[in-house]
**Q** 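One structure, pasted below without further comment.
Within every chain, numbering begins at 1; the chains are lettered A, B, ... in the order of the sequence lines, protein sequences first and strands thereafter.
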Number of protein chains: 2
Amino acid sequence: MGRPRTPKLDRDKIGAAALNLVDRDGDFTMPGLAAQLGVQVAAIYHHIPGGRAEVIELIRVRATGQVDGTAFDRLPWDEAFPLWARSFLDAFRAHSTAIRLLATEPVRDPGIVAIYGSVAGGLRRAGFPDDQIFGIITAAESFFLGAALDSVAPDVMVTPGGDTPADLEAVLEAAPTGAERHWQAFEIGVRVFVDGLRRLLDATLALQH
Amino acid sequence: MGRPRTPKLDRDKIGAAALNLVDRDGDFTMPGLAAQLGVQVAAIYHHIPGGRAEVIELIRVRATGQVDGTAFDRLPWDEAFPLWARSFLDAFRAHSTAIRLLATEPVRDPGIVAIYGSVAGGLRRAGFPDDQIFGIITAAESFFLGAALDSVAPDVMVTPGGDTPADLEAVLEAAPTGAERHWQAFEIGVRVFVDGLRRLLDATLALQH
DNA sequence: ACCTGAACACCGTTCAAGT
DNA sequence: ACCTGAACACCGTTCAAGT
């Protein structure tokens, strides 16, 4: 008891243990985290003054740190964009049980934002206007985040009841089911986004000519 | 005490009271909800066997019930789409303090899904293929939901530190700040989405010619 | 500085008892 | 069927005490 000769805890260990718990259980508690670390709850507060909310932030930084935008360094923007999108989705799906915990706050950590240098660079070189690029990145991330949430959603139940509009019923029947439904929506979204961006780029370049 | 002559509670009253609490405080507790209703906590469980999770579902249905896709009934799809997007964002922003509570589960309630008959009808008449329309709706909603989360996010802090990539720094400096930043991202997203959908529609119609 | 041990106020849920 | 009153196990956070 008392102060140990070498500290038993640091922010890194706490973050790693928390992510482990969350991957296993989909959630975590402070007592559970303390037990996992072989420590009393109060000890955690010494390193993470923000308490549970700050632990969640640690988890978020760890999970989103796997998002990779470096494809923009070596590929044309319209080829890099789908890879970026995919890495974002994969990063969240790798911790799918934790998505509900992570997604409630958008990715705004300065350290994480810095990772997007490649994305910003790729879009600049392509010719997108500087004052719109961060908006484009934000809009894209909004879609990615929503898609991540959709990816853990239960499949839509098509109520065969008579109160469903005919158009909706036809559309639901023609749509794929299960996991395929989610993938289709994601791929449509990425494609639509890239095509829409291409048009925005063309309009910008036409103005400059 | 004992069974009252007329029931004091029903699902509707519980949902309304819960939404009120959440609008005021950004969250709610079962004891707090019971107090608001002038009732003991256990009484709530008699009407909502699913407990707190089901109360949240009631709130979600109420909030998302304000999403309006009927613009597709009277306008061309590319004019209706932005109005639909806006109504979705408004519905969530009207309960902005509750977004974190609501957004963790996507809108998949059968009753809510039925509202999208207008959207499905508009996209069908425009010529989008039946088997892709639900994917389009899902992708669009993913973006709307992400944008709603972004709309309550704190403004991005531009760290003047030297470790920020130059491209990112330039882009962050050129971007609008505060609320304007969010609106720009939302509008770019909607525009990009509509333009991308137009391209998808053109490709579809060209195949059919 | 870093941890233990114990405490506090609070939470969600359940259950017997009443009409 | 519908509510009360009380209980249970648990949670996040704090604080004095120890080294």
Side-chain angles (χ1 to χ4, degrees), chain A residues 1-62 97-98 100-105, chain B residues 1-62 97-98 100-105:
Chain A
M1 8 204 135
R3 180 182 180 189
R5 301 160 73 266
T6 65
K8 307 170 76 171
L9 251 45
D10 58 60
R11 294 176 65 86
D12 220 57
K13 279 179 193 158
I14 296 172
L19 183 53
N20 270 346
L21 282 181
V22 145
D23 280 343
R24 202 188 62 193
D25 306 330
D27 205 349
F28 80 100
T29 66
M30 296 300 278
L33 179 57
Q36 180 83 2
L37 290 162
V39 114
Q40 292 288 77
V41 223
I44 299 174
Y45 283 82
H46 190 265
H47 297 267
I48 281 79
R52 188 181 146 86
E54 194 173 348
V55 174
I56 294 178
E57 186 60 30
L58 288 183
I59 300 174
R60 193 176 357 254
V61 169
R62 279 188 167 260
T97 56
R100 286 174 183 75
L101 205 59
L102 303 183
T104 36
E105 301 276 346
Chain B
M1 8 201 134
R3 178 182 183 188
R5 302 158 73 263
T6 66
K8 306 170 76 172
L9 251 44
D10 58 61
R11 294 176 64 85
D12 221 57
K13 279 180 194 158
I14 295 172
L19 183 53
N20 270 345
L21 281 181
V22 144
D23 279 343
R24 203 189 60 192
D25 306 329
D27 205 351
F28 78 101
T29 67
M30 297 298 279
L33 180 57
Q36 180 83 0
L37 290 161
V39 116
Q40 293 288 73
V41 222
I44 298 175
Y45 283 82
H46 190 264
H47 298 266
I48 279 82
R52 186 182 146 87
E54 194 172 348
V55 174
I56 294 178
E57 186 60 31
L58 288 184
I59 300 174
R60 192 173 0 252
V61 169
R62 278 186 169 261
T97 57
R100 286 176 181 76
L101 205 60
L102 304 181
T104 36
E105 301 275 346

**Q** With the side chain counted from C-beta on, respond yes when B/D12 and B/R62 share a heavy-atom pair under 4.5 Å apart, and no when they do not.
**A**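 Contact flag for B/D12/B/R62 side chains = yes.
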**Q** Can you list, by residue number, the residues of residues 36-48 of chain A that have a non-hydrogen atom closer than 4.0 angstrom to DNA chain C?
**A**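 Within residues 36-48 of chain A, the residues near DNA chain C are A/V39, A/Q40, A/A42, A/A43, A/H46, A/H47.
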**Q** Does a salt bridge link A/E54 with A/R11, judged by any charged N lying under 4.0 Å from a carboxylate O?
**A**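 Yes, A/E54 and A/R11 are salt-bridged.
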**Q** Can you tell me how far CD1 of B/I48 sits from CD1 of B/I14, rounded to the nearest 0.5 angstrom?
**A**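 Result: 3.0 Å between the selected atoms.
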**Q** Want to know the stems of DNA chain D: at least 3 consecutive Watson-Crick or G-U pairs with distances under 3.5 Å, which are they?
**A**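 The stems are C:4-8 with D:12-16, C:12-16 with D:4-8.
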**Q** Nearest 0.5 Å please: distance from the CG atom of A/L21 over to the CG atom of A/L33.
**A**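 Spacing of CG (A/L21) from CG (A/L33) equals 6.0 Å.
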**Q** Under the side-chain contact (heavy atoms from CB on, under 4.5 Å) criterion, do A/N20 and A/F28 qualify, and how do the steps go?
**A** CA-CA 9 Å; A/N20 270 346; A/F28 80 100; over 6 Å; no
**Q** Taking atom CG of B/L58 and atom CZ of B/R60, what is their separation to the nearest 0.5 Å?
**A**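 Output value for this atom pair is 10.0 Å.
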**Q** Checking A/T97 side chain against A/D27 main chain: does a donor-acceptor pair fall under 3.5 Å?
**A**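 Checked: no pair found.
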**Q** For the pair made of CZ in B/R3 and P in D/dT4, what is the distance, rounded to whole Å?
**A**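 From B/R3 CZ to D/dT4 P: 14 Å.
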**Q** To the side chain of B/K8, which of C/dC2, C/dG12, D/dC3 is closest?
**A**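 The closest nucleotide is D/dC3.
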**Q** What pair of heavy atoms forms the shortest contact from B/L37 to B/A17, and how long is it?
**A**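 Heavy-atom minimum between the residues: CD2-CB, 3.6 Å.
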**Q** Expressed in angstrom and rounded to an integer, what is the separation of A/M30 atom CE from C/dA6 atom P?
**A**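 It is 20 Å, rounded to the nearest whole Å.
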**Q** State which of D/dC3, C/dT4, C/dT13 makes the closest approach to the side chain of B/R52.
**A**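 Of the candidates, C/dT13 comes closest.
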**Q** Starting at CG of A/D27 and ending at P of D/dC10, how long is that distance when rounded to a whole Å?
**A**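 To the nearest whole Å, that distance equals 15 Å.
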**Q** A/F28 has an atom CZ; how far is it from atom C1' of D/dC11, in whole Å?
**A**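 One finds 12 Å between C1' of D/dC11 and CZ of A/F28, rounded.
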**Q** Nearest whole angstrom, please: distance from the P of D/dC2 to the CZ of B/R5.
**A**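 It works out to 15 Å between those atoms.
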